[in-house]
Amino acid sequence: MCGIVGYLGQRDSIPVLIKGLKRLEYRGYDSAGIALCGDDEIQYVKKAGKVRDLEAALDQAAFAGNTGIAHTRWATHGEPNDINAHPHLDQTGRIALIHNGIIENYSSLSVALKKQGVNFQTDTDTEVLVQLISAIYSTGEISFAEAVRAALQEVVGAYGIVALCADEPDTLVAARLGSPLVLGVGEDEYLVASDAAPLVEYTRNVVYLEEGELVKIGRDGYTVRQIRNDQIVSKQVTRIDLSIEEIEKGEFPHFMLKEIYEQQRTISDTLRGRLIPSQATARLGGIEDFLPRIEQARRFYITACGTSWHAGLIAKHLLEDFAEIPVHVEYASEFRYRKTVVDANTVVIAISQSGETADTLAAIRKAKDRGALTMGICNVVGSSIARETDCGVYTHAGPEIGVASTKAFTAQVTVLMLLAQMLGRKRNLTAATARKITNALSSVDRLVANATERSDEIKTVAEENQEADNFLYLGRGLNFPIALEGALKCKEISYIHAEGYPAAEMKHGPIALIDESMPVVIIAPHDQTFEKIISNIRAVKSRKGRIITVTDKRCPVIDSVSDFVIEVGEMDPVIFPLIAVIPLQILAYHLAVLRGCNVDQPRNLAKSVTVE
């Protein structure tokens with residue numbers, strides 16, 4: 001969940017590393033640090049706070065070098081302060097290391113190292129690793145890269161690391177196990193980072209490190225080896241298609257707002273070439289070779305975390321409705337530890353924006369061990385989930401920098417709608433119903449634009465409710481997961497406590513919370529649940545709750561019971577969740593801005609959760 005960047009080349013590395021950290025700050029932002037090889041020593045600066053705080057500290061430091069590493073942290077062991085910030089140095093001060101992940105056996109390793117006379121300076125698990133490397137390297141019998149590999153063989157846990165040593169100033173060593181790393185191959189220069197964002201300004205040629213691989217980078221090239229047996233691995237250089245404009249805010253004040261507005265394009269990009277109007281079905285090329293087994297499966301499991309789990313709940317409704325396939329939806333963190341009914345007749349769908357979510361990866365590996373067919377739905381080409389699943393479908397959301405997911409969620413829902421339609425057509429979904437879905441999806445551009453055009457009126461709703469301590473979100477059927485997602489967005493970025501519930505469940509507890517200070521967001525399309533939703537609204541209104549209704553069209557009854565109405569336009573009920581979530585994203589955004597919160601980097605959160 002931390003941001004890693006390393007550089008070896010001809011340039012002054014500090015501007016490259018700082019710019020890289022800024023592009024990675026969404027991965028962690030409670031402290032940052034930088035270390036360079038220069039004048040036969042390691043020079044470093046570490047600072048609690050944002051990358052800008054590190055940059056200010058560097059202005060006071062007079063050093064430079066063309067080999068360096070930098071890190072922006074999301075704390076797991078030890079509070080976020082200057083001392084615990086990365087990079088960490090060994091006790092000789094000649095080795096520096098940055099790390100993303102968790103060293104699970106750090107306690108036993110630290111005991112052994114203390115017996116050898118090592119004095120620890122930090123509260124982190126990472127320092128144990130750099131001190132272990134130092135202890136092995138200090139024997140003088142092996143090279144720095146060999147010492148790193150030997151140390152990693154004693155480690156239990158997850159890591160993406162980059163290390164440098166003052167004795168070998170023209171060398172970087174990087175390795176991964178459970179945490180992503182990508183190597184950028186430029187003209188007489190190399191970069192290594194947690195993802196591709198810091199690389200694109202310098203090169204589009206990349207090498208993705210696989211699990212259990214270590215790369216030694218020098219002036220004359222790089223060599224990849226397996227950590228376990230030291231065997232050399234031949235790697236393919238891949239060209240990435242990513243523009244700098246995609247990872248910058250442009251004219252928008254925040255990445256989140258930019259990404260909300262981008263949904264008009266990203267949903268269409270995800271549909272393009274996949275929706276087949278002439279046949280009222282869809283084509284998903286990434287799973288075509290496995291369709292016979294998918295169609296014959298007795299059950300589906302969907303496993304995911306956070307926002308992606310909400311997308312999975314929508315998929316359950318659609319797959320069971322259209323294709324009559326039993327679907328279980330489970331948090332990946334629970335799936336991996338519970339006895340699940342998974343076998344060769346099961347399809348396990350793993351959903352992840354980053355493709356690196358640790359719990360979801362563990363769930364995939366468990367499913368494969370049980371003989372299930374695994375399908376990945378993710379946003380990042382070359383990610384671990386994309387590589388480890390049997391088949392899958394990419395969303396086309398593009399880079400999502402804001403920590404609170406917006407466009408990635410709607411792209412996931414779009415893919416899942418296509419999957420449900422396609423499998424439904426192979427079972428009992430009628431052509432007439434499928435044509436309605438196809439026509440609805442074909443009109444999504446206009447509907448998304450209509451929803452984003454409501455931003456100013458949604459801001460007014462936010463202004464009237466920004467002092468609330470609690471929000472309640474209610475929905476039924478397909479829109480219950482949207483209530484959950486709306487509540488999650490609200491608490492993630494505005495720090496207002498919010499809960500999502502099935503509307504009928506309000507009577508079984510949450511109604512006790514409702515009074516004149518409680519805003520209640522109700523998702524109320526004119527579908528088969530409309531009359532029941534109106535009854536739920538009346539129950540809230542009778543207890544003086546403030547009603548914020550999101551609906552497809554205004555009508556006298558909605559106007560009579562609502563304090564605020566957000567109308568998103570008439571559409572087929574099947575795609576209403578895809579559109580209704582957008583005003584909830586905008587509402588959360590305006591609440592956060594009005595309350596002075598950091599929209600793109602909410603406290604205690606990180607974008608890619610690569611540890612348990």
Side-chain angles (χ1 to χ4, degrees), residues 2-28 32-38 42 44 51 54-55 58 64-73 86-87 96-100 145 148 159-165 168-176 179-210 213-224 235-244 246-248 356 380-383 399 401 608:
C2 305
I4 283 174
V5 60
Y7 177 81
L8 187 153
Q10 306 303 317
R11 307 172 195 258
D12 178 6
S13 64
I14 290 180
V16 177
L17 295 171
I18 290 296
K19 188 175 290 185
L21 288 186
K22 289 179 178 177
R23 299 212 191 282
L24 291 172
E25 197 166 14
Y26 67 93
R27 299 179 69 97
I34 190 169
L36 310 178
C37 278
I42 301 292
Y44 68 97
V51 173
L54 171 65
E55 196 170 17
L58 281 168
N66 50 30
T67 303
I69 57 177
H71 187 273
T72 181
R73 183 176 185 239
H86 297 216
L97 175 113
I98 53 178
H99 170 223
N100 182 12
V148 173
Y159 54 79
I161 65 163
V162 187
L164 51 76
C165 177
E168 301 182 26
D170 293 329
T171 299
L172 285 180
V173 179
R176 70 157 291 184
S179 189
L181 282 180
V182 57
L183 171 67
V185 181
E187 292 291 334
D188 298 321
E189 63 183 353
Y190 300 91
L191 298 97
V192 61
S194 304
D195 64 41
L199 313 181
V200 293
E201 190 168 337
Y202 308 98
T203 182
R204 301 295 175 87
N205 298 320
V206 303
V207 172
Y208 293 101
L209 291 188
E210 302 286 349
E213 290 182 346
L214 176 148
V215 59
K216 178 183 177 183
I217 306 162
R219 300 284 171 191
D220 55 352
Y222 62 92
T223 304
V224 179
K235 303 294 289 186
Q236 181 179 358
V237 177
T238 303
R239 187 163 179 83
I240 55 173
D241 182 20
L242 180 64
S243 69
I244 293 175
E246 287 182 279
I247 55 177
E248 293 183 340
E356 303 293 348
V380 181
V381 175
S383 61
I401 307 300
S608 179

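Basis for what follows: all heavy atoms, side chains included, without hydrogens, waters or symmetry-related copies.
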Return the minimal non-hydrogen interatomic distance between [X] and [Y], and the atom names on each side.
{"X": "Val207", "Y": "Val237", "result": "CG2-CG2, 3.9 Å"}
{"X": "Arg23", "Y": "Ala197", "result": "CD-O, 3.2 Å"}
{"X": "Ala64", "Y": "Ile14", "result": "CA-CD1, 4.4 Å"}
{"X": "Lys235", "Y": "Tyr208", "result": "NZ-O, 3.0 Å"}
{"X": "Leu183", "Y": "Leu199", "result": "C-CD1, 4.3 Å"}

Please report the interatomic distance [atom1]([X]) to [atom2]([Y]), rounded to the nearest 0.5 Å.
{"X": "Ile69", "Y": "Leu164", "atom1": "CD1", "atom2": "CG", "value": "4.0 Å"}
{"X": "Arg11", "Y": "Asp188", "atom1": "CZ", "atom2": "CG", "value": "10.5 Å"}
{"X": "Ser383", "Y": "Asp195", "atom1": "OG", "atom2": "CG", "value": "11.0 Å"}
{"X": "Ile98", "Y": "His86", "atom1": "CD1", "atom2": "NE2", "value": "9.0 Å"}
{"X": "Leu24", "Y": "Ile401", "atom1": "CG", "atom2": "CD1", "value": "8.5 Å"}
{"X": "Lys22", "Y": "Glu55", "atom1": "NZ", "atom2": "CD", "value": "3.5 Å"}

Quick one: does [X]'s side chain get under 4.5 Å of [Y]'s, heavy atoms only?
{"X": "Glu168", "Y": "Thr67", "answer": "no"}
{"X": "Leu21", "Y": "Val5", "answer": "yes"}
{"X": "Val381", "Y": "Ile240", "answer": "no"}
{"X": "Arg73", "Y": "His99", "answer": "no"}
{"X": "Thr171", "Y": "Cys165", "answer": "no"}

Determine whether Arg219 and Asn66 satisfy the following criterion, side chain to side chain contact (heavy atoms under 4.5 Å, CB included), listing intermediate values before the conclusion.
CA-CA 11 Å; Arg219 300 284 171 191; Asn66 50 30; 2.8 Å; yes
Check for a donor-acceptor pair, side chain of [X] on one end and backbone N or O of [Y] on the other, with a separation under 3.5 Å.
{"X": "Ser194", "Y": "Gly3", "answer": "no"}
{"X": "Lys19", "Y": "Pro198", "answer": "no"}
{"X": "Ser13", "Y": "Gly65", "answer": "yes"}
{"X": "Arg176", "Y": "Leu181", "answer": "no"}

Dump the intermediate steps for side chain to side chain contact (heavy atoms under 4.5 Å, CB included) on Leu36 and Leu17, then the final yes or no.
CA-CA 10 Å; Leu36 310 178; Leu17 295 171; 3.9 Å; yes
Give the C-alpha distance, both sets of side-chain angles, the deciding distance and a yes or no for side chain to side chain contact (heavy atoms under 4.5 Å, CB included) between Leu58 and Leu54.
CA-CA 6 Å; Leu58 281 168; Leu54 171 65; 4.1 Å; yes
Counting only heavy atoms not in Tyr202, do more than 12 sit closer than 6.0 Å to its OH atom?
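It does: Tyr202 OH has more than 12 such atoms within range.
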Intermediate values then yes/no, side chain to side chain contact (heavy atoms under 4.5 Å, CB included), Cys37 and Ile42:
CA-CA 5 Å; Cys37 278; Ile42 301 292; 3.9 Å; yes
Over 60° means perpendicular and under 30° means parallel, so classify the ring planes of Tyr190 and Tyr222, tilted if in between.
perpendicular
